[in-house]
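Quick note on labels: first sequence line is chain A, next is B, and so on, each numbered from 1.
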Amino acid sequence: MENFYNYTQIEKKWQDIWDEKQTFAAKNDYTLPKFYGLVEFPYPSGQGLHVGHPRSYTAIDIVSRKKRLEGYNVLYPMGWDAFGLPTENFAIKNHIHPSIVTENNIANFKRQLKSLGFSFDWSREVNTTDPSYYKWTQWIFLQLFKKGLAYKSQMAVNWCTSCKCVLANEEVVNGVCERCGSEVIQKEKSQWMLKITEYAEKLLDGLNDVDFIDRVKTQQRNWIGRSYGTQVTFNTNIGDTFDIFTTRADTLFGVTYMVMSPEHPLLNKWADKIKNFDEVKEYQVSASKKSDFERTELAKDKTGVMLDGVTAINPVNNTEIPIFISDYVLISYGTGAIMAVPAHDTRDWEFAKKFGLPIIEVVAGGEDVQSAAFTDCATGTLVNSDFLNGLSVEDAKVKIQEWLTEKGIGSVKTNYKLRDWVFSRQRYWGEPIPVVYCEKCGYVPLPESELPLVLPNVDSYEPTDNGESPLAKMTDWVNTTCPHCGAPAKRETDTMPQWAGSSWYFLRYCDPHNDKELASKEALEYWCPVDWYNGGMEHTTLHLLYSRFWHKFLYDIGVVPNAEPYSKRTSHGMILGENGEKMSKSRGNVVNPDEIIENYGADTMRVYEMFIGDFEKAAPWSQSSIKGSKRFLDKVWALSNILVDGGYREEIESEIHRTIKKVTEDIEGLKMNTAIAALMSLLNTVQATGKITREEFKTFIILLNPFAPHITEELWVNNGFDGMLNETKWPTFDEAKCVDANVEIVVQINGKIKARLNVPADISAPDALALAKGTDSIKAEIEGKNIIKELYVPKKLVNIVVK
RNA sequence: GCGGGUGUGGCGGAAUUGGCAGACGCACUAGCCUUAGGAGCUAGCGCAUUAGCGUGCAGGUUCAAGUCCUGUCACCCGCACCA
């Protein structure tokens, strides 16, 4: 038999068999133990599959295949997150309807995925652009609307001055339009919002109950950004009061001025009290003109205007202090106003220096506060603070809180960085928002019986001049009647963002053809939660957070059985170009999966991507390293040549047990690279003996099967094993048989290796030490010296300390 | 600035509770085989020609440190005036 196998033919053969037999279709038998493995469904772009996609898909495919061999009923589904801007832009540019572009792209992606031999259950394929799917996306929106979690709000959006069109944040690159390179400004528009902030607490607390990798949990926690502090009411010289939020109420005696955001509503109310209102007005205008980009760039250079005529009174000492407006205070966080403590806050310190304001130290223990702010909360003692003097920061916070509460001017307050989710896009290629606007009734939800509200098929889906959705031009579609009062009304013409369809797709996989509900109760009870979800870190604060939000909402209204959608979340590292840079067309370092499959085969591609390095870390592609994986599979193929009858041979039995243990555990820990290394080692051992027994061979190819499913199935039938490999059982190991009867230990003198000994694995410490000291080379080393200490670490080493 | 992470051969990367650093693979070198080799097989492969030195750098704990502690440098990712 030749040493090379015809991977093209073999892989096609097995892919056809799996397809035809529906080998990997999840069973609807809800009595079986289940495993729900999930990977992020792709956006079917025109570029086709990226070599990064299969890294994630292969890993969970391996887990899924192993779980099946272990007897689980496995759901490993795939679908298409197909609404979105690139498709729409491509459609506009090439004058092809987005639905056709989508259809073509999906066909290409599907072909590519199938050519990699993933064990997806294709009978459950979902597509977010399919009306029978987005019917339920719209349905969920209606439930959110009914519960007051979807609302309209006036807010600033990105506007391209040249395209005369609203852009999503992703379309604004370095402050200019991604498509034409023109300036992007902020424009006020009315937008649909989802009240994700209402779930901030639940989203945080839920993290304690799930098995997510730490960096995902940390990133979500930081993003939600809970901070505990105090809301304090300040009086003014004109009688009005206003609130500020602080986490450092202990520093109240160090407050030397106040700052309000330029957008603060009290400013207009105070217009006639503020003597320099013209100046204030001017500052407000210039602040509003700054783009986010400029605001970030100018972050270090503090600007502001002092109010002339209105001052604040510090409640702890009745000192009159100035009020400034400055854009370093954000209207969207806390109360839009702060107390400034330059001695103990870096930003306040910079501002105070620039405007020549006093800096009063109230926490001692740092450097001179005139040269830098002392912000450490863990050390330091209160000074210049009357009744707080001598306390630690921690104690002072408690005491001042009590004092403020007693006076009725301060209360405990929790704030979040998380903002509500801007949910509308002025675009064609998205789910229509199922709401009608009636002059009399306002925004009225469509009756559920009218869902899906189908995206009308239009000839022109280009953005309009005035920043409205292309749907706005479809007057036939737009003009309707109010579901509430029957009067003429207009449909909402904005569509949902791409994140909508992907926020619940994993639920649909449980029961994808259901036309009565988004999925049946029984299906959800059985399959939820997802047992293992792998995806990119870039989705941690977007898709992953959004979908947790929707899921928690669906749980609250009784649609899903669990509070958390995913039990376990892992994340893969990126596959970089050969030069170590991110793969991109412009860098010219993109690797095409089709070419790899053509030249090396899908099994080699899979093994290589798993062997490339630590799954969680980025790894550069290497065109020469991939040959090692191919060579490995060629050698596996050649094992048929040296196959003999028999069970595990005594001399390699322990290595086989160790390998089963290693591969079994490594797959669960996503350490695919070391699992493959263990299989390579076993192969090397077996090859050195010149033969392999049937039992050894059987174990070996089952262990390899999840990694390289085609070649192993072929070897299975070629060598006369019964049935199909995927119907067999995962091998088991015996812990007791994982160790050899004899092991090599090293003998160290003062920690330096001086000899190696072969000893029985269960040798006693005294015997091991005696044996070591009886060895010639060791005898010479300890001759005439004092033995201070001697140790035996079982199965590892002997260390003799001499002087 | 804040948060998270990473530093190990020429390269990708391995190393249970601290216990033989460099598994496995790539590249490379020599030999074999071949009409030929971007194929295969065999052997070698951290540095240093010896007892020595080696896991970013400097200390420390320990019989023993890639692993623990203190300090420090570099790079990567995320957020970015969140009071």
Side-chain angles (χ1 to χ4, degrees), chain A residues 2-4 213-219 221-223 225-227 229-230 244-249 251 259 261 292 295-302 326-330 332-341 344-348 350-351 375 415-419 537-538 540-541 573-574 576 578 580 607-608 611-614 616-629 631-632 634-635 638 665 671 673-684 687 744-753 756 787-802:
Chain A
E2 75 278 19
N3 278 336
F4 308 108
I213 49 170
D214 285 342
R215 55 197 173 122
V216 168
K217 285 192 183 187
T218 310
Q219 216 165 296
R221 285 194 183 112
N222 290 345
W223 185 260
R226 174 164 58 193
S227 72
T230 312
I244 61 95
F245 173 73
T246 180
T247 55
R248 292 296 304 273
T251 59
V259 188
S261 154
D292 286 352
R295 244 174 122 130
T296 308
E297 281 300 286
L298 300 170
K300 281 181 195 93
D301 190 20
K302 299 277 184 291
S326 172
D327 62 4
Y328 87 86
V329 172
L330 308 171
S332 52
Y333 184 78
T335 62
I338 61 155
M339 61 180 218
V341 187
H344 305 290
D345 182 282
T346 313
R347 296 151 301 182
D348 298 346
E350 285 167 7
F351 191 88
T375 57
N415 266 323
Y416 301 92
K417 285 187 201 173
L418 187 69
R419 296 295 135 81
M537 279 308 287
E538 71 275 18
T540 302
T541 54
M574 240 192 301
L576 306 169
E578 197 122 16
V607 168
Y608 174 63
F611 190 62
I612 195 167
D614 185 332
E616 297 215 337
K617 290 186 202 144
W621 184 268
S622 164
Q623 209 59 251
S624 60
S625 283
I626 195 168
K627 285 185 218 152
S629 300
R631 237 172 250 163
F632 169 59
D634 283 335
K635 287 179 189 171
E665 293 174 355
K671 294 177 164 187
N673 53 338
T674 50
I676 293 168
L679 287 167
M680 287 173 166
S681 288
L682 180 58
L683 176 72
N684 291 344
Q687 270 189 331
E744 191 190 63
I745 61 165
V746 296
V747 183
Q748 300 178 332
I749 300 294
N750 293 341
K752 301 268 187 244
I753 297 161
R756 289 170 185 279
I787 296 177
I788 295 169
K789 198 167 189 174
E790 40 188 43
L791 301 104
Y792 172 60
V793 180
K795 291 174 227 164
K796 301 274 185 199
L797 55 78
V798 163
N799 191 9
I800 301 169
V801 185
V802 298

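Annotation: B:A48 and B:C53 have their C1' atoms spaced 7 Å apart (nearest Å). For the P atoms, the distance from B:G66 to B:G18 is 13 Å, rounded to whole Å. As rounded to the nearest Å, B:A65 and B:G3 have C1' atoms that lie 29 Å from one another. Spacing between B:G1 and B:U16 at atom P, rounded to whole Å, works out to 35 Å. Atom C1' of B:A14 sits at a distance of 28 Å from the matching atom of B:G60, rounded to the whole Å. Atom name P, nucleotides B:G25 and B:C45: the rounded distance is 15 Å, in whole Å. Rounded to whole Å, the P atom of B:C26 lies 13 Å from the corresponding atom of B:U42. If you take atom C1' in B:A21 and the same atom in B:G71, they sit 25 Å apart, rounded to whole Å.
What separates CG of A:Asp345 from C1' of B:C81 is a distance of 9 Å, to the nearest Å. Between the P atom of B:G12 and the CZ atom of A:Phe632 lies a distance of 22 Å, rounded to the nearest Å. Regarding A:Glu616, its CD atom lies at a distance of 19 Å from the P atom of B:G12, rounded to whole Å. To the nearest angstrom, P of B:C79 lies 12 Å from NZ of A:Lys417. The distance from atom CD1 of A:Ile612 to atom C1' of B:A14 is 16 Å, rounded to the nearest whole Å. As a whole-Å value, the separation of A:Arg226 CZ from B:C2 P is 23 Å.
You'll find the side chain of A:Phe611 stays beyond 4.5 Å of the side chain of A:Ser625, heavy atoms only. The closest side-chain heavy-atom distance from A:Asn673 to A:Ile612 is not below 4.5 Å. Side-chain contact check for A:Asp345 versus A:Arg248: every heavy-atom pair is 4.5 Å or farther apart. The side-chain heavy atoms of A:Asp348 and A:Ile338, taken from C-beta on, include a pair separated by under 4.5 Å. Annotation: side chain of A:Ser622 is in contact with side chain of A:Glu578 (closest heavy-atom distance under 4.5 Å). Looking at heavy atoms from C-beta onward, A:Met339 lies in side-chain contact with A:Thr251 at the 4.5 angstrom threshold.
Projected onto RNA chain B by closest heavy-atom contact, A:Asn415 and A:Thr541 fall at different nucleotides, the more 5' of which corresponds to A:Thr541.
The two residues A:Val607 and A:Ile676 have their closest heavy-atom pair at O-CD1, 3.6 Å. A:Ile787 and A:Glu790 make their closest contact through CG2-OE1, 3.6 Å (heavy atoms, listed as atom of the first residue, atom of the second, distance). The two atoms that bring A:Thr540 and A:Val216 nearest to each other are CG2-O, 3.7 Å, heavy atoms only.
Not counting sequence neighbours, A:Asn799 has no partner by the side chain to side chain donor-acceptor pair (under 3.5 Å) test. Taking the side chain to side chain contact (heavy atoms under 4.5 Å, CB included) definition, one finds that A:Arg226 meets it with A:Glu201, A:Leu204, A:Asp205, A:Tyr228, A:Thr414, A:Tyr416, sequence neighbours left out. Shown here are the ring pair (Phe, Tyr, Trp, His ring centres under 6.0 Å) partners of A:Tyr608, two or more places apart in sequence or in another chain: A:Trp621. A search for ring pair (Phe, Tyr, Trp, His ring centres under 6.0 Å) contacts involving A:Tyr333 returns nothing, not counting sequence neighbours. Take A:Gln219 and apply the side chain to side chain donor-acceptor pair (under 3.5 Å) test, not counting sequence neighbours, and it matches no residue. For A:Ser261, the side chain to side chain donor-acceptor pair (under 3.5 Å) criterion is met by A:Glu263, not counting sequence neighbours. Applying the side chain to side chain donor-acceptor pair (under 3.5 Å) rule to A:Ser332 yields the partners A:Arg419; only residues at least two apart in sequence or on another chain are considered.
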Quick test: give all pairs of protein nitrogen or oxygen and nucleotides 3-9 of chain B nitrogen or oxygen below 3.5 Å, distance rounded to 0.1 Å.
| residue | atom | partner | partner atom | Å |
| --- | --- | --- | --- | --- |
| B:G3 | O2' | A:Asn222 | ND2 | 2.6 |

Do any N or O atoms of the protein come closer than 3.5 Å to N or O atoms of nucleotides 19-21 of chain B, and which pairs are they?
| residue | atom | partner | partner atom | Å |
| --- | --- | --- | --- | --- |
| B:C20 | O2 | A:Arg756 | NH1 | 2.5 |
| B:C20 | O2 | A:Arg756 | NH2 | 2.9 |
| B:C20 | N3 | A:Arg756 | NH1 | 3.4 |

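Because its NZ or CZ atom is both nearer than 6.0 Å to the ring centre of A:Tyr328 and within 45° of the ring axis, A:Lys302 counts as a cation-pi partner of that residue.
No contact: A:Thr540 has no heavy atom under 4.0 Å from any strand. Note on A:Arg419: a base of the nucleic acid sits closer than 4.0 angstrom, heavy atoms only. Nucleic acid contact for A:Ala618: sugar-phosphate only, since backbone atoms but no base atoms lie under 4.0 Å from a heavy atom of the residue.
Base-pairing analysis of RNA chain B finds the following stems of at least three consecutive Watson-Crick or G-U pairs, with both pairing distances under 3.5 Å: B:1-7 with B:73-79, B:10-12 with B:24-26, B:28-32 with B:40-44, B:56-60 with B:68-72.
For B:G13, the base adopts the anti conformation, since its glycosidic angle falls more than 90 degrees from zero.
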Item to complete: Treat primed atoms plus P, OP1 and OP2 as sugar-phosphate and everything else as base, then score nucleotides 50-55 of chain B 5' to 3': B for base contact with protein heavy atoms under 4.0 Å, S for sugar-phosphate contact only, - for none.
Response: ------
Worksheet item: Can you give one letter per nucleotide of nucleotides 22-28 of chain B, 5' to 3': B if a protein heavy atom sits under 4.0 Å from the base, S if only from the sugar-phosphate, - if neither?
Response: -BBSSS-
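Side-chain to base pairing of A:Lys302 with B:C81: one donor and one acceptor N or O lie within less than 3.5 Å of each other.
The OG1 atom of A:Thr674 lies 12.0 Å from the CE atom of A:Met680; values are rounded to the nearest 0.5 Å.
OP1 or OP2 of B:A83 has not a single side-chain nitrogen or oxygen of A:Tyr328 nearer than 4.0 Å.
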